[in-house]
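Inspection log for the structure reproduced underneath, given as structure tokens.
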2 protein chains.
Amino acid sequence: MTSIDLTAPEAATPKLGRKRDHTRDPEILAAALDVLAETGYDRMTIDMVAARAKAGKATLYRRWASKAELVIDAVACMKNADIDMANLPDTGTLRGDLVASIKSHSIEDGDRKIHVMAGLMSMISCDPGLADAVQSAIVEPRAAVNRTLLQRAIDRGEIPADCDVENLSLLVTSMAMYRTMVQRKTANREFLISVIDGLLLPAVGLRP
Amino acid sequence: MTSIDLTAPEAATPKLGRKRDHTRDPEILAAALDVLAETGYDRMTIDMVAARAKAGKATLYRRWASKAELVIDAVACMKNADIDMANLPDTGTLRGDLVASIKSHSIEDGDRKIHVMAGLMSMISCDPGLADAVQSAIVEPRAAVNRTLLQRAIDRGEIPADCDVENLSLLVTSMAMYRTMVQRKTANREFLISVIDGLLLPAVGLRP
DNA sequence: TATATCCGAAACTGCAACGTTTCGGATATA
DNA sequence: TATATCCGAAACGTTGCAGTTTCGGATATA
């Protein structure tokens with residue numbers, strides 16, 4: 001199912017000959033994500049991915065049984081590309097933490113994730129496994145960051161303890177997704193800060 | 001292009017014989033939207049729509065030149081299915097107006113619109129005309145309602161004049177879209193009110 | 001009533017992409 | 001060095017759907 005399974009040695013494997021080069025797997029998966037983000041799942045073809053990765057189509061089919069498995073693996077392997085829960089910003093204020101978590105790299109990465117999700121939208125309702133992969137690899141990590149930052153602000157008494165942490169932690173991502181998917185505009189730094197200053201902070205009783 | 005164009009009389013049309021029955025067009029378009037919302041654009045087939053509408057495939061191709069035109073027409077014709085700008089609620093408070101605008105019918109309609117958008121996600125990045133149709137038929141009408149209700153609240157001095165009306169007017173829809181598309185949960189009345197009371201009203205300085 | 005056009009059902013064509021397979025050449029292991 | 005497996009390229013068969021056409025039957029117009 002996953003690329004990890006493919007690395008497992010089989011019972012009666014002959015030991016002679018060349019071994020498969022798994023160092024190229026990440027390149028192929030990255031190429032798959034690129035094509036997915038640009039064209040969407042249904043219009044994406046294996047040939048596109050192979051061409052992008054400068055690999056033969058046969059090479060891909062040697063490693064993944066189908067287009068669906070390739071995509072699921074690609075999504076699963078994009079987990080935590082930019083998010084480091086163990087090393088969150090700690091500036092002393094909620095606004096400082098939120099703004100510090102918007103590095104230019106994480107903006108690009110977030111944008112990419114949104115486009116990948118858009119490409120998976122039609123497929124996601126059919127395959128529950130894919131929905132789970134998207135949930136744990138794309139959605140949940142980002143929400144966890146915001147949830148932690150909000151909880152810290154509560155703990156230090158900066159914001160009221162009875163505020164709606166769950167909805168608040170999804171606010172910025174929801175607005176970014178809407179802007180990207182529906183309005184077809186980029187969720188750039190300026191926009192993200194306008195959401196923080198215009199919606200999130202006022203909602204917890206802070207004036208930026 | 002549109003069903004309206006198809007009703008236009010042609011120059012040298014013979015006057016004899018049976019005329020095309022356009023009273024069934026809305027049924028066919030509604031069937032197209034149903035299939036679109038359920039299966040997505042790429043997996044949707046003309047046969048599905050024909051079967052749903054209990055019509056022949058040839059009948060559909062007599063009226064729309066292609067699958068794309070059928071879908072664009074269907075989206076355009078769902079304009080304002082539930083929204084009546086001339087008859088907005090006016091309860092005297094922002095919360096009253098917002099809650100009053102969430103009738104059970106408009107919840108279902110909003111849910112349907114979100115599923116239609118999800119089905120169009122992959123296609124929407126290819127066809128700019130489709131993006132415009134979605135924008136004016138699905139997205140903008142709902143935002144306009146919220147924008148008006150917020151502006152009224154400003155005019156009567158209920159909320160500060162410098163609040164972020166543009167982002168605020170997209171807040172509920174964004175959260176509903178996120179919940180439906182990503183979390184695969186229904187954006188029911190309880191959820192919508194939790195967004196209003198937990199995010200929107202606090203963000204404009206009101207305590208529900 | 002006679003006729004022209006409609007209708008739905010179903011068979012058909014064309015095409016695009018999936019997934020498979022084969023090929024010659026390269027390369028790591030024994 | 002010998003061999004087994006890798007690699008990328010390219011051809012192939014199959015499938016599924018878009019779009020077309022044909023058919024018998026129904027229906028509104030004259």
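Here is how names work: the chains are called A, B, and so on, in the same order as the sequence lines, proteins then strands, and each is numbered from 1. For clarity, every value in this text was computed on a predicted model and none was experimentally measured.
Here the side chain of A/Thr45 is nearest to one of C/dA9, C/dC18, D/dC7, namely C/dC18. The side chain of B/Thr59 lies closest to C/dC7, out of D/dA18, C/dC7, C/dC18. Nearest nucleotide to the B/Ala58 side chain, out of D/dT22, D/dG19, C/dT21: D/dT22.
Here the P atom of nucleotide C/dA17 and the CE atom of A/Met48 are 7 Å apart, to the nearest Å. Residue B/Ile46 contributes atom CD1, which lies 20 Å from atom P of C/dG14 at whole-angstrom precision. Atom-to-atom, CZ of A/Arg63 to C1' of C/dG19 comes out at 17 Å; the value is rounded to the nearest Å. Distance B/Asp47 CG to D/dG19 P: 12 Å, rounded to the nearest Å. Put simply, NE2 on A/His22 is 15 Å from C1' on C/dA28, counting in whole angstrom units. Put simply, CG on A/Leu60 is 9 Å from P on D/dG8, counting in whole angstrom units. Here the C1' atom of nucleotide C/dA16 and the NZ atom of B/Lys67 are 13 Å apart, to the nearest Å. Regarding B/Asp42, its CG atom lies at a distance of 12 Å from the P atom of C/dA17, rounded to whole Å.
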Check step by step if salt bridge (charged side-chain N to carboxylate O under 4.0 Å, His left out) holds for A/Glu38 and A/Arg43. CA-CA 10 Å; A/Glu38 287 169 16; A/Arg43 308 177 93 84; over 6 Å; no
Given salt bridge (charged side-chain N to carboxylate O under 4.0 Å, His left out), test B/Glu166 with B/Arg147 step by step and report yes or no. CA-CA 7 Å; B/Glu166 204 44 47; B/Arg147 211 178 290 124; 3.3 Å; yes
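The residues B/Arg63 and B/Asp73 are annotated as not salt-bridged, no charged nitrogen and carboxylate oxygen being separated by less than 4.0 angstrom.
Side chain B/Lys54 to base C/dG8: no donor-acceptor pair is found below 3.5 Å. A donor-acceptor contact under 3.5 Å is formed by the side chain of A/Lys57 with the base of C/dG19.
Across every strand in view, C/dA30 sits in a pair with D/dT1 that passes the Watson-Crick or G-U test at under 3.5 angstrom. Of the nucleotides present, D/dG16 is the one that pairs with C/dC15 by Watson-Crick or G-U wobble criteria, both distances under 3.5 Å. D/dA9 is paired with C/dT22 under the criterion used here, namely a Watson-Crick or G-U wobble arrangement in which both key atom distances are under 3.5 Å.
At C/dG19, one or more side-chain N or O atoms of A/Tyr61 fall inside 4.0 Å of OP1 or OP2 (strictly under the cut-off). Put simply, A/Arg24 has a side-chain N or O that comes within less than 4.0 Å of OP1 or OP2 on D/dG8. Using a 4.0 Å cut-off, some side-chain N or O of A/Arg62 falls inside it from OP1 or OP2 of D/dC7.
Residues A/Ser122 and A/Asp42 have side chains that bring a donor and an acceptor to within less than 3.5 angstrom of each other.
Annotation: salt bridge (Lys or Arg N to Asp or Glu O under 4.0 Å) contacts of A/Arg142 (sequence neighbours excluded): A/Asp82.
Contact annotation for A/Met44: backbone-only contact, meaning every heavy-atom pair under 4.0 Å involves sugar-phosphate atoms and none involves a base.
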